[in-house]
There are 2 protein chains.
Amino acid sequence: MTIKQVSEQYHISVDTLRYYERVGMIPPVTRTASGIRDYNKEDLKWVELAICMRNAGLPVEAMIEYVRLCRIGDTSIGDRLHLLEEQRTVLLEQRRQIDETLERLNYKISQYEIAARTGKFPECRCCHKC
Amino acid sequence: MTIKQVSEQYHISVDTLRYYERVGMIPPVTRTASGIRDYNKEDLKWVELAICMRNAGLPVEAMIEYVRLCRIGDTSIGDRLHLLEEQRTVLLEQRRQIDETLERLNYKISQYEIAARTGKFPECRCCHKC
DNA sequence: TCTTGACTTAGAGTCCACTCCAACAATTAT
DNA sequence: ATAATTGTTGGAGTGGACTCTAAGTCAAGA
């Protein structure tokens with residue numbers, strides 16, 4: 001699979017795909033005899049994982065470290081487990097923060113909906129007059 | 001309340017507090033006669049809101065626009081409601097993405113726990129041998 | 001009064017995660 | 001065969017969100 005096809009399938013730019021490989025966020029991709037990238041199934045799995053992690057906001061650095069650990073073999077299993085658990089903690093905290101903000105947003109939106117209908121804000125416990 | 005006290009109370013640097021004000025992410029803060037910031041209750045509410053939004057990962061730009069709309073008065077209520085709903089959509093999508101990544105992470109972690117105990121991976125449906 | 005520490009601004013610097021560019025090589029279409 | 005497209009690299013540029021520095025002002029204690 002060419003870089004362009006991968007780019008289209010995963011809605012990610014070819015520049016970003018090359019960047020991920022260059023910095024080690026995914027292992028080196030399979031190449032044709034003439035040096036052109038030809039993503040195989042496993043390469044795609046790595047791409048998918050990288051995109052998933054980045055979409056959740058995890059740092060590129062963490063993926064680079066994970067890939068590095070994978071490449072040194074079985075002796076790094078404990079370290080890899082530790083890394084994954086750390087990133088899970090980060091995501092759980094991030095989700096908690098999002099939920100907190102969503103609650104605040106929902107309250108503000110409800111006040112604004114009343115304001116939009118009635119022309120003025122109700123008895124508003126909301127911060128700074130909403 | 002001085003900038004330093006606010007900085008300590010909200011675990012945010014004084015530089016960031018000044019930056020938020022400078023770019024318009026919060027309205028101008030109350031000052032003493034000699035020009036020194038003296039955050040009052042309402043100023044603090046704005047700081048709190050700004051921090052909450054940023055912690056959830058919402059862009060500074062969105063808060064700037066919200067503050068701008070608030071400052072032009074009641075005619076912007078509809079626009080403010082629209083902005084808040086947009087940001088809520090962003091957060092819901094972000095949370096969905098985090099949940100997806102958490103699921104993947106949890107599966108990988110479970111495989112690694114087995115591997116760490118037994119010394120090798122179980123029949124692994126996980127991508128790239130975990 | 002003097003020193004110490006906290007405050008002010010404007011502007012420069014940093015870090016992250018891309019994103020773009022130049023110059024060239026390989027493949028595909030006509 | 002040639003033109004267009006897609007690929008390659010190394011390196012420079014960008015945008016977002018801070019973070020730091022310089023040069024100076026203000027306030028509280030000895």
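Order of the sequence lines fixes the chain letters, A, B, ..., with proteins taken first and strands second; residue numbering starts at 1 for each chain.
Projected onto DNA chain D by closest heavy-atom contact, B/Gly57 and B/Thr32 fall at different nucleotides, the more 5' of which corresponds to B/Gly57. Take the nearest nucleotide of DNA chain C for B/Gln5 and for B/Asp15: the residue whose nucleotide is more 5' is B/Gln5.
Rounded to a whole Å, the CE atom of A/Met53 is 14 Å from the P atom of C/dA17. A straight line from CG of B/Leu17 to P of D/dC20 spans 14 Å, rounded to a whole angstrom. Between the OH atom of B/Tyr10 and the P atom of D/dC18 there is a distance of 17 Å, rounded to whole Å. Atom P of nucleotide D/dA17 and atom CD of B/Glu61 are separated by 8 Å, given to the nearest angstrom. Spacing between atom CD1 of A/Ile26 and atom P of C/dC18 amounts to 12 Å, rounded to whole angstrom units. As rounded to whole Å, 9 Å separates atom C1' of C/dC18 from atom CZ of A/Arg54. Taking atom OH on B/Tyr19 and atom P on C/dC7, their separation rounds to 21 Å, with Å as the unit. Taking atom CZ on A/Arg31 and atom P on C/dA26, their separation rounds to 13 Å, with Å as the unit.
Remark: B/Glu42 does not engage B/Lys45 in a salt bridge, criterion side-chain N to carboxylate O under 4.0 Å. Of the charged side-chain nitrogens involved, at least one lies within less than 4.0 Å of a carboxylate oxygen, so that A/Arg104 and B/Glu48 count as a salt-bridged pair. A salt bridge is absent between B/Glu113 and B/Arg117; no separation between the charged side-chain nitrogens and carboxylate oxygens falls under 4.0 Å.
A sub-4.0 Å separation between OP1 or OP2 of D/dA27 and a side-chain N or O of B/Ser34 is present. Within the 4.0 Å cut-off from OP1 or OP2 of C/dT8, at least one side-chain nitrogen or oxygen of B/Arg37 is found. For B/Ser13 and D/dC18, the shortest distance from a side-chain N or O to OP1 or OP2 is not below 4.0 Å. The phosphate of C/dC18 has OP1 or OP2 within less than 4.0 Å of a side-chain N or O from A/Tyr20. Between C/dG11 and B/Arg18, no contact under 4.0 Å exists linking OP1 or OP2 to a side-chain N or O. Distances shown here put every side-chain N or O of B/Arg22 at or beyond 4.0 Å from the OP1 or OP2 atom of C/dA10.
Counting heavy atoms from C-beta on, the side chains of B/Val60 and B/Met53 never come closer than 4.5 Å.
Under the rule for a salt bridge (Lys or Arg N to Asp or Glu O under 4.0 Å), the partners of A/Glu21 that lie at least two apart in sequence or sit in another chain are A/Arg31, A/Arg37.
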Heteroatom pairs (N/O) under 3.5 angstrom, protein to nucleotides 3-6 of chain D:
residue, atom, partner, partner atom, Å
D/dT6, OP1, A/Lys4, NZ, 3.2

Problem - Pair B/Met63-B/Leu58, side-chain contact (heavy atoms from CB on, under 4.5 Å): steps then yes or no - result: CA-CA 8 Å; B/Met63 258 311 275; B/Leu58 290 177; over 6 Å; no
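Using bins of under 30°, 30° to 60° and over 60° for the plane-to-plane angle, the ring pair B/Phe121/B/Tyr112 lands in the perpendicular bin.
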